[in-house]
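Read the numbers this way: they start at 1 and go in the same order the structure lists the ligands and their atoms. Side chains are part of it too, since the values below use all heavy atoms of this structure and drop only hydrogens, waters and symmetry mates.
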Amino acid sequence: MYFLKTFVLTNKKLSLFSAVVLVVVQAEERYMYDQYWITVALREMYGVTTIRKTMAEIEAEGDLRPDGTLVINGRPVAIVYFRAGYSPADYPSEAEWRARLLIERSSAIKCPSIAHHLVGTKKIQQELAKENVLERFLDNQSDIENVRKCFAGLWSLENDIIVNSAIESPELFVLKPQREGGGNNIYGDNLRETLIRLRKDGSNETAAYILMQRIFPPASPSYLVREGTFVRDNVVSEFGIFGAYLRNNDKVIINDQCGYLLRTKAASLNEGGVVAGYAFLNSIFLT
Ligand SMILES: *[C@@H]1O[C@H](CO)[C@@H](O)[C@H](O)[C@H]1NC(C)=O
Ligand SMILES: *[C@@H]1O[C@H](CO)[C@@H](O)[C@H](O)[C@H]1NC(C)=O
């Protein structure tokens with residue numbers, strides 16, 4: 001999900017208005033080259049210019065015109081594509097929050113919009129998994145049941161019964177902070193100790209975590225290739241679908257799938273994440 005965030009561009013007329021695509025990046029950007037791939041495609045296929053700015057630069061150089069157009073150094077911005085802004089580290093000061101507010105107040109197409117950004121967060125997944133919440137968003141009972149079947153158990157740390165079970169059997173749970181990418185989840189003894197500490201502190205830090213039922217997918221033997229060498233191992237995979245979604249207020253213009261990402265890791269590893277160094281890119285083989 002973090003490799004290529006949902007990205008939609010249908011307006012070939014952008015170049016006529018000399019508006020640009022603004023890619024929001026981190027100051028030290030390790031994904032620079034896959035971002036350049038998109039930049040080059042936009043330029044070569046659509047004649048669209050891309051500019052790259054950090055949140056701090058956007059706050060320093062950005063402005064809103066009275067009609068809501070976001071301008072950076074005088075250039076109108078058609079689309080803001082967030083490749084940063086998903087982690088607290090991306091908001092080291094109030095300046096970055098002001099930049100986010102500036103973007104959200106503008107008429108530029110945001111990829112993702114703040115609503116779409118939030119709906120992907122673990123906290124919202126946890127809310128959606130509560131009783132009678134899906135019913136607020138879907139009418140069709142069979143759709144509701146199908147969606148609910150896909151949910152793993154998700155609980156807040158206010159749920160004492162679940163917290164007690166997790167302290168007793170940490171291997172059946174994952175403790176997740178509200179973060180993106182690999183390397184943040186808490187497992188096993190660490191999970192137990194963290195829950196005990198949080199409970200003792202009585203701290204409001206509990207709100208920062210969710211407890212999730214641990215999923216045990218079937219493992220199968222495979223070869224993992226890295227830097228020209230390979231190992232044979234038992235592996236598990238995670239299958240993700242890319243979505244393309246474009247709307248103008250209530251009018252949905254595109255809502256479609258546009259490819260997939262299959263990530264595979266050794267079954268013995270807790271952590272996933274390709275860039276984090278745990279998982280490998282893979283492709284589907286239907287049998
Ligand atoms: C609900 O959705 C299912 C498909 O998921 C469809 O077959 C059925 O007709 C729908 N029911 C209603 C009442 O719209
Ligand atoms: C947690 O508590 C501290 C100190 O009481 C407070 O400053 C902070 O805003 C609280 N955080 C949340 C998320 O409620």
| message | Under a 3.5 Å threshold, yes or no: a donor from one side chain and an acceptor from the other, between His116 and Arg247? | response | no

Heavy-atom closest pair (Leu191 atom, Ala166 atom, distance to 0.1 Å) is CD2-O, 4.0 Å

Applied to residues 165-174, the side chain to side chain donor-acceptor pair (under 3.5 Å) test, sequence neighbours excluded, yields none

Chain-and-number sorted residues having a heavy-atom contact under 4.0 Å with ligand 1 are Asn140, Ser142, Asp143

Closest non-hydrogen atoms of Gln213 and Gly153, given as atom of the first, atom of the second and distance, are OE1-N, 2.6 Å

Shortest non-hydrogen pair, Arg148 vs Asn132, comes out as NH2-N, 4.0 Å

* For the residue pair Arg214 and Tyr187, confirm or rule out a side-chain donor-acceptor distance under 3.5 Å. => no

